[in-house]
Amino acid sequence: MNKIYELHAEMCKVFSNPTRLEILNLLRDKEMSVTELIQKTNLSQANISQHLAIMKYKGIVTSRRNGKNIHYKLTNPKIITAFDIIREVLSQRLKSIKNGG
């Protein structure tokens, strides 16, 4: 099997979790600290950190320390392009279902 398919499947696994999708969306335009992500999601620090660790391990986000704070950002803005295309397809599908199609 081609290595690119394996990498693609692994990345899709990362995005199979709604919390990670929410974090991805929050990081779309800017770097954010763990504290900011906690405030935006109302999730625990342990929960946010667990998801960020998975995303960092898979190369989706990168981090930097600034004093006591750790800030995260996307490693590649094209991830958001893929995210947006998938959401658009799903939105169209939901509209079609809603309209009886």
Side-chain angles (χ1 to χ4, degrees):
M1 181 179 305
N2 192 327
K3 184 71 173 169
I4 194 73
Y5 295 124
E6 292 175 24
L7 292 171
H8 191 160
E10 286 299 313
M11 182 175 279
C12 287
K13 286 179 191 176
V14 172
F15 300 138
S16 67
N17 181 284
T19 299
R20 289 193 288 269
L21 290 174
E22 182 179 7
I23 293 169
L24 174 72
N25 193 47
L26 290 169
L27 295 174
R28 74 170 36 241
D29 297 320
K30 61 186 172 192
E31 179 181 86
M32 294 181 77
S33 70
V34 173
T35 303
E36 290 172 308
L37 290 167
I38 291 167
Q39 291 169 347
K40 296 279 186 184
T41 62
N42 294 316
L43 295 170
S44 70
Q45 190 265 336
N47 195 341
I48 290 288
S49 293
Q50 178 184 15
H51 289 291
L52 287 167
I54 291 167
M55 294 171 74
K56 186 175 179 181
Y57 178 75
K58 295 296 184 177
I60 307 302
V61 298
T62 187
S63 66
R64 71 172 179 86
R65 182 175 289 278
N66 183 10
K68 292 182 180 180
N69 295 315
I70 301 175
H71 296 263
Y72 287 86
K73 68 177 183 176
L74 297 175
T75 57
N76 188 325
K78 289 183 180 181
I79 292 169
I80 290 299
T81 303
F83 175 88
D84 289 343
I85 290 169
I86 292 168
R87 285 182 56 105
E88 185 178 321
V89 167
L90 294 173
S91 292
Q92 289 172 355
R93 182 174 173 209
L94 285 174
K95 285 178 187 175
S96 174
I97 292 169
K98 189 176 178 180
N99 294 327

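Just so it is clear, the model here is predicted, and its values are computed rather than measured.
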Handout entry: Side chains of E10 and E6 in contact at under 4.5 Å (non-hydrogen atoms)
Key = no

Handout entry: Pair T62-K56, side-chain donor/acceptor within less than 3.5 Å
Key = no

Problem - Distance in Å, L21 CG paired with S16 OG, rounded so as to fall on 0.5 Å steps - result: 8.0 Å

Fill in the blank from the handout: Closest non-hydrogen contact found for Y72 with L27 is O-CD2, 3.4 Å

Completion exercise
dist Q50:CD -> T19:OG1 (nearest 0.5 Å) comes out at 9.5 Å

Problem - Over 12 non-hydrogen atoms of neighbours within 6.0 angstrom of CZ in R93 - result: no

Handout entry: Separation of N69 CG from M32 CE (nearest 0.5 Å)
Key = 12.0 Å

Exercise for the section: Please identify each residue that fulfils side chain to side chain contact (heavy atoms under 4.5 Å, CB included) with R65, with sequence neighbours left out. Expected result: I70

Practice task
May I ask you to test the M55-R20 pair for a side-chain heavy-atom distance under 4.5 Å?
Solution key: yes

Handout entry: Pairwise side-chain contact, K13 with K58, heavy-atom cut-off 4.5 Å (strictly under)
Key = no

Exercise for the section: Taking the side chain as every heavy atom from C-beta outward, state whether F15 and I60 have any pair of such atoms under 4.5 Å apart. Expected result: yes

Completion exercise
In this structure, NZ of K95 is separated from CD of Q92 (nearest 0.5 Å) by 7.5 Å

Problem - Exceeds 12 heavy-atom contacts within 6.0 angstrom, atom CD1 of I4 - result: no

Completion exercise
On a heavy-atom basis, the closest approach of N47 and L43 is ND2-CD2, 4.0 Å

Handout entry: Ion pair E31/R64, N-O distance below 4.0 Å
Key = yes

Handout entry: V34 versus S49, closest heavy-atom pair with distance
Key = CG1-OG, 4.3 Å

Exercise for the section: State, with a plain yes or no, whether a side-chain heavy atom of D84 is found less than 4.5 Å away from one of R28. Expected result: yes

Exercise for the section: State, with a plain yes or no, whether a side-chain heavy atom of H71 is found less than 4.5 Å away from one of K73. Expected result: no

Problem - Apart from L90 itself, residues in the same hydrophobic cluster as defined by side-chain heavy atoms under 4.5 Å - result: I86

Handout entry: L37 vs L52 side-chain heavy atoms within contact, under 4.5 Å
Key = yes

Exercise for the section: Taking all heavy atoms of N42 and all of Q39, pick out the closest pair and write down the distance. Expected result: OD1-O, 3.6 Å

Problem - From NE2 (H51) to CD1 (I23), nearest 0.5 Å - result: 6.0 Å

Problem - Straight-line distance of E36 CD to I48 CD1, nearest 0.5 Å - result: 12.0 Å

Handout entry: Stepwise side chain to side chain contact (heavy atoms under 4.5 Å, CB included) check, L24 with I80
Key = CA-CA 8 Å; L24 174 72; I80 290 299; 4.0 Å; yes

